[in-house]
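Notes for the one structure printed next.
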Amino acid sequence: MALPVVPESDSIRRAVSLLNAVDAARFPRLLSRLLQKLHLKAESSFSEEEEEKLQIAFSLEKQDLHLVLETISFILEQAVYHNLKPASLQQQLQSIHLDQDKAEAFASAWAAAGQDTIEKFRQRVLTPQKLETIGWQLNLQMAESMQAKLKSPRAVLELGVSNEDSKNLTKVFVEFSHQELFEFYNKLETIQAQLDSLT
């Protein structure tokens, strides 16, 4: 068997005992919902009101419900990371003493939505913000004294940044002196060279 992707820690053992007690008829719907929202980092899978309903439906305390939800999400994230086959996932879960019906529910949910979930993770941006637009302008500050003929050119970059979860554009303005802009340019050249070496 492959190396275990779900380590047997105290919290995992506690979560497995809670999962084994969960109503088997309702469990697949819970898995399905968590799989749908797994790729959204900033968003909780359930609202406060939904969590209260889940506590009642599964007869769990709030803390235990959170442990169950976090453990299911962790298991599914491990399945994404290791690109597990449904049968392998089921085997892994049975090895940490998850009941067969629950392990089978994980395997069938993974068989149904696993590839979609992996694809959503691939498309997800690693950082929560993404650069959408770039603008710039040049400002020239003249010295105040009539005797000094110093000019201080400043470049202003306008970066349009969007959040992963909403498409609202936020504008970020960055001002550079000539030297700062030159240093920034050199850093961009280094980044470009490293990207080129990877492709």
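Position 1 is the first residue of the sequence; numbering continues from there. Bear in mind that the values here come from a model prediction, so they are computed numbers and not experimental data.
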Kindly check if the number of other-residue, nucleotide or ligand heavy atoms within 6.0 Å of [atom1] ([X]) is above 12?
X	atom1	result
H66	NE2	yes
L138	CG	yes
R13	CZ	yes

Consider only side-chain heavy atoms of I, L, V, M, F, W and Y, link residues closer than 4.5 Å, and tell whether [X] and [Y] are in one cluster.
X	Y	result
L169	V172	no
Y81	I96	no
V174	L188	yes
Y185	F176	no
W136	F182	no

In Å, rounded to the nearest 0.5 Å, how long is the span from [atom1] of [X] to [atom2] of [Y]?
X	Y	atom1	atom2	answer
L18	F58	CG	CZ	12.0 Å
L60	L67	CG	CG	9.5 Å
K85	Q90	NZ	CD	15.5 Å
L65	E52	CG	CD	10.5 Å
F106	I72	CZ	CD1	5.0 Å
F74	L34	CZ	CG	14.5 Å

Are any side-chain N or O atoms of [X] and backbone N or O atoms of [Y], one a donor and one an acceptor, separated by less than 3.5 Å?
X	Y	result
N20	D99	yes
K102	V22	yes
S73	E70	no
S32	P28	no

### Full working for side-chain contact (heavy atoms from CB on, under 4.5 Å) between E104 and L93
CA-CA 9 Å; E104 283 171 2; L93 295 174; over 6 Å; no
Using a 4.5 Å cut-off on heavy atoms from C-beta on, say whether the side chain of [Y] contacts that of [X].
X	Y	answer
L159	I134	yes
D64	R14	yes
K53	F46	no

### Query
Got a salt bridge between E119 and R122, using NZ or NE/NH1/NH2 to carboxylate O under 4.0 Å?
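Looking at E119 and R122, the cut-off is met.
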Tell me the closest heavy-atom pair linking [X] and [Y], and the distance in Å.
X	Y	value
K37	S45	CB-OG, 3.6 Å
L35	A113	CD1-CB, 4.0 Å
T71	A15	OG1-CB, 3.2 Å
A105	F27	CB-CD2, 3.7 Å
S88	L84	OG-CD2, 3.7 Å
Q92	V6	OE1-N, 4.2 Å

### Message
Under a plain distance cut-off of 3.5 Å, with no hydrogens placed, do Q179 and E183 share a side-chain donor-acceptor pair?
### Response
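The answer is yes; a qualifying pair exists.
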### Message
Pair E175, F173 - check side-chain contact (heavy atoms from CB on, under 4.5 Å), show working.
### Response
CA-CA 7 Å; E175 189 175 82; F173 293 92; over 6 Å; no
